[in-house]
Amino acid sequence: MSKSNSDAITAILTVWKRNHLEEQLQALFQQTVCPDQIWVLHSKYYVDVDAIIRKYKDRIRYMRWDDCPGVFGRFEIVTRIETPFVYIADDDIIPGKQFLERALEACKRMLAIISPHGRLISPDNNRTAYYVGDDYEFQHSFCLKDTEVDYGSNAWFFRKEWIHYFLQFSPMYLGNGEDIHFSATCQLLGHIPTYVPKQVLPVEAGNIKRIYSGDLHALHRLPKFGEERMRVIRRFRDMGWQLQVENQALVLQQESCLPISVVMVADGTSLIMAIHALLRQTWSNFELLLVCPHKRLLPFAEQDKRIRWIETQETLPVYTSLNIGCALATGKYICLSDSHYLSRPDRLEQQYKLMESDSETVASGEMRVADTLFLPSVMVCRSVLHHIKYIDELSGEKAGKKLFHSLLQEGTVILLEDVV
């Protein structure tokens with residue numbers, strides 16, 4: 001996608017103790033809207049990136065800081081940038097290929113700082129009340145709608161001139177609080193909000209490798225990290241910074257509009273038969289979400305209004321696809337299905353009545369292997385699935401076992417025979 005000079009972007013990456021630099025660069029080169037310049041700021045010399053710098057020397061600008069400027073240095077250097085827009089990313093962030101395009105559009109439309117993740121702060125104790133964008137256990141940033149937050153985290157897309165507000169106040173700590181500082185000063189002095197944009201698919205997400213954030217170099221592991229952040233929040237609140245929780249109620253989930261949502265990854269040679277088995281159920285009041293890279297031409301499916309296609313634009317692991325479908329589902333109960341299995345004609349009706357018969361029941365399904373739920377047979381309360389953060393995408397063959405144990409912590413799981 002082409003863009004005018006008025007939409008030019010400079011991306012700022014930092015190197016400290018992690019070395020994801022080449023993967024970050026490749027992610028930027030593959031963007032549907034590519035940055036016009038990429039600056040790499042290397043603090044001290046904990047990791048050797050010399051070979052990467054030589055490899056991409058014609059496409060990046062490299063700066064070495066022997067005296068570590070902390071987390072504020074990358075913001076302070078924005079005054080030297082010439083493009084109208086700036087994108088700053090932490091060293092553990094790998095954006096999906098459409099993120100910059102979507103961030104540019106959102107920044108212009110809402111006149112806001114755009115971050116893949118954000119926080120809503122409790123006014124009672126200055127601690128995080130809600131996580132937005134990274135409140136699911138998915139491996140990519142996920143947010144169902146554009147959501148205003150108190151501050152953005154991990155990456156920031158914004159207009160260059162807004163850095164003027166950031167520079168009006170000295171930092172309290174060089175190694176902490178830059179994210180709070182940026183959003184608070186922009187709101188206080190420029191009435192500029194911070195938003196986490198809608199991010200449903202990995203291609204549009206601000207981060208697709210959340211596993212990188214859990215290593216030993218994560219700053220939140222430092223002993224005084226939380227206390228320092230509370231002091232930064234208190235500082236700006238004392239100046240008049242208004243929190244979102246004080247201004248509006250956060251709606252975390254969609255309202256249920258159907259009894260059942262069926263989620264299926266639409267692949268395999270028996271897909272048509274599997275869909276037919278669901279459409280001919282004795283229980284007809286449901287929606288069927290078909291998750292696949294691209295919508296398949298199934299003429300009979302076009303005529304059935306219960307079917308919703310979710311096109312991921314790329315081939316994804318099965319648990320990632322299921323999680324996306326489950327998060328977009330609107331039913332009171334979510335029924336997991338599989339294109340390789342044919343559901344019995346009364347499956348939905350049988351499981352729905354079981355779930356409704358006891359308020360303590362949170363899920364039902366088969367157990368073909370000891371201590372493990374057979375995922376294509378599961379029906380689960382959507383609210384409970386949200387609470388346990390969905391299916392663990394990294395658990396592989398243990399996904400059914402982990403889901404079973406998580407659900408048992410929430411209530412009763414009814415075990416069935418011959419659901420599929």
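If you're wondering where the values come from, they're calculated on a predicted model, not measured in any experiment.
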Do Val369 and Phe374 have side-chain heavy atoms sitting under 4.5 Å apart?
no

On a heavy-atom basis, the closest approach of Ala274 and Asp338 is CB-O, 4.0 Å

Please confirm whether Tyr390 and Phe138 have ring centers closer than 6.0 angstrom.
yes

Step by step, would you call Gln37 with Thr83 a side-chain hydrogen bond (donor to acceptor under 3.5 Å, both in side chains)?
CA-CA 8 Å; Gln37 298 183 42; Thr83 58; 5.8 Å; no

Report the C-alpha separation of Asp90 and Asn154 in whole Å, then their side-chain angles, then the decisive distance to 0.1 Å, and conclude whether the side-chain contact (heavy atoms from CB on, under 4.5 Å) test is met.
CA-CA 5 Å; Asp90 284 352; Asn154 303 121; 3.3 Å; yes

Tell me, with the steps shown, if Glu393 and Glu137 meet side-chain contact (heavy atoms from CB on, under 4.5 Å).
CA-CA 8 Å; Glu393 296 178 8; Glu137 295 298 332; over 6 Å; no

Do Val15 and Asp91 have side chains that get closer than 4.5 Å, going by heavy atoms?
no

CA sep, side-chain torsions, deciding dist, call: Lys97, Glu314, salt bridge (Lys or Arg N to Asp or Glu O under 4.0 Å):
CA-CA 11 Å; Lys97 65 181 180 180; Glu314 59 182 340; 6.0 Å; no

So which atom in Ser115 and which in Ala155 form the shortest heavy-atom distance, rounded to 0.1 Å?
OG-O, 2.7 Å

From the options His117, Arg119, Arg229, select the one residue that forms a side chain to side chain donor-acceptor pair (under 3.5 Å) with Asp179.
Arg229

For the residue pair Ile388 and Ser406, what are the closest heavy atoms and their distance?
CD1-CB, 4.0 Å

Tell me if the CD1 atom of Ile211 is crowded by more than 12 foreign heavy atoms within 6.0 Å.
no

Once rounded to the nearest 0.5 Å, what's the spacing between atom CG of Leu342 and atom OG of Ser270?
6.5 Å

Please tell me whether Phe85 and Phe158 form a close aromatic pair, meaning their ring centres lie under 6.0 Å apart.
no

In terms of heavy-atom contacts, Leu336 and Ile391 come closest through CD1-CD1, 4.2 Å

Applying side-chain contact (heavy atoms from CB on, under 4.5 Å) to Val291 and Leu322, what does each step give before you reach the verdict?
CA-CA 7 Å; Val291 187; Leu322 285 175; over 6 Å; no

Between Tyr333 and Glu356, is there a side-chain donor-acceptor contact under 3.5 Å, judged purely by atom types and distance?
yes

Heavy atoms of other groups near His387 NE2, more than 12 under 6.0 Å
no

Starting at CD of Gln281, measure out to CZ of Arg347 and round the result to the nearest 0.5 Å.
7.5 Å

Hey, are Glu228 and Asn176 close enough side-chain-wise for a donor-acceptor pair under 3.5 Å?
yes

Return yes if a side-chain donor-acceptor contact under 3.5 Å exists between Gln26 and Tyr56, otherwise no.
yes

Where do Arg109 and Asp146 land on the salt bridge (Lys or Arg N to Asp or Glu O under 4.0 Å) test, with the steps shown first?
CA-CA 11 Å; Arg109 171 169 48 89; Asp146 295 340; 3.2 Å; yes

Is any side-chain heavy atom of Ile114 less than 4.5 Å from a side-chain heavy atom of Trp156?
no

With a 4.5 Å heavy-atom cut-off, do Met355 and Met379 have their side chains touching?
yes

In this structure, are over 12 heavy atoms from other groups packed under 6.0 Å from Lys353 atom NZ?
no

I need the minimum non-hydrogen distance between Phe182 and Ile163, along with the two atoms involved.
CE1-CD1, 4.3 Å

Any Lys/Arg nitrogen of Glu178 or Arg74 sitting under 4.0 Å from an Asp/Glu carboxylate oxygen of the other?
yes

Heavy-atom distance under 4.5 Å between the side chains of Asn285 and Arg306, does that happen here?
no

Evaluate side-chain hydrogen bond (donor to acceptor under 3.5 Å, both in side chains) for Ser261 paired with Glu287, printing each intermediate quantity in order.
CA-CA 5 Å; Ser261 295; Glu287 64 175 354; 2.4 Å; yes

Asp371/His405 under side-chain hydrogen bond (donor to acceptor under 3.5 Å, both in side chains): CA gap, chis, key distance, verdict:
CA-CA 8 Å; Asp371 214 24; His405 285 278; 2.8 Å; yes

Counting only heavy atoms not in Arg368, do more than 12 fall under 6.0 Å of its CZ?
yes

Looking only at non-hydrogen atoms, find the nearest pair between Cys335 and Ile260 and report the distance.
CB-CG2, 4.2 Å

Checking Arg59 against Phe29: charged group under 6.0 Å from the ring centre and within 45 degrees of the axis?
yes

Given the rule in the salt bridge (Lys or Arg N to Asp or Glu O under 4.0 Å) test, do Lys55 and Glu22 qualify, once you have shown the distances and angles that lead to the verdict?
CA-CA 10 Å; Lys55 182 177 180 180; Glu22 185 160 25; 2.7 Å; yes

Check: Asn126 and Arg231 side chains under 4.5 Å, non-hydrogen atoms
no

Side chains of Ser343 and Leu348: closer than 4.5 Å at any heavy-atom pair?
no

Considering residues, nucleotides and ligands other than Lys398, do more than 12 of their heavy atoms fall under 6.0 Å from its NZ?
no

Quick one: which of Phe75, Phe166, Tyr173, Tyr165 gives a ring-ring contact (aromatic ring centres under 6.0 Å, His included) with His181?
Phe166

Yes or no on side-chain hydrogen bond (donor to acceptor under 3.5 Å, both in side chains) for Thr32 and Gln98, after CA distance, side-chain angles and deciding distance?
CA-CA 5 Å; Thr32 52; Gln98 295 177 5; 6.0 Å; no

Quick one, Lys198 with Glu204, criterion salt bridge (Lys or Arg N to Asp or Glu O under 4.0 Å). Give me CA distance, side-chain angles, the key distance, then yes/no.
CA-CA 9 Å; Lys198 179 181 179 181; Glu204 63 195 21; over 6 Å; no

Using a 4.5 Å cut-off on heavy atoms from C-beta on, say whether the side chain of Ile324 contacts that of Leu328.
yes

Kindly determine whether Tyr87 and Leu28 satisfy side-chain contact (heavy atoms from CB on, under 4.5 Å), including the steps that lead there.
CA-CA 11 Å; Tyr87 168 68; Leu28 292 179; 3.9 Å; yes

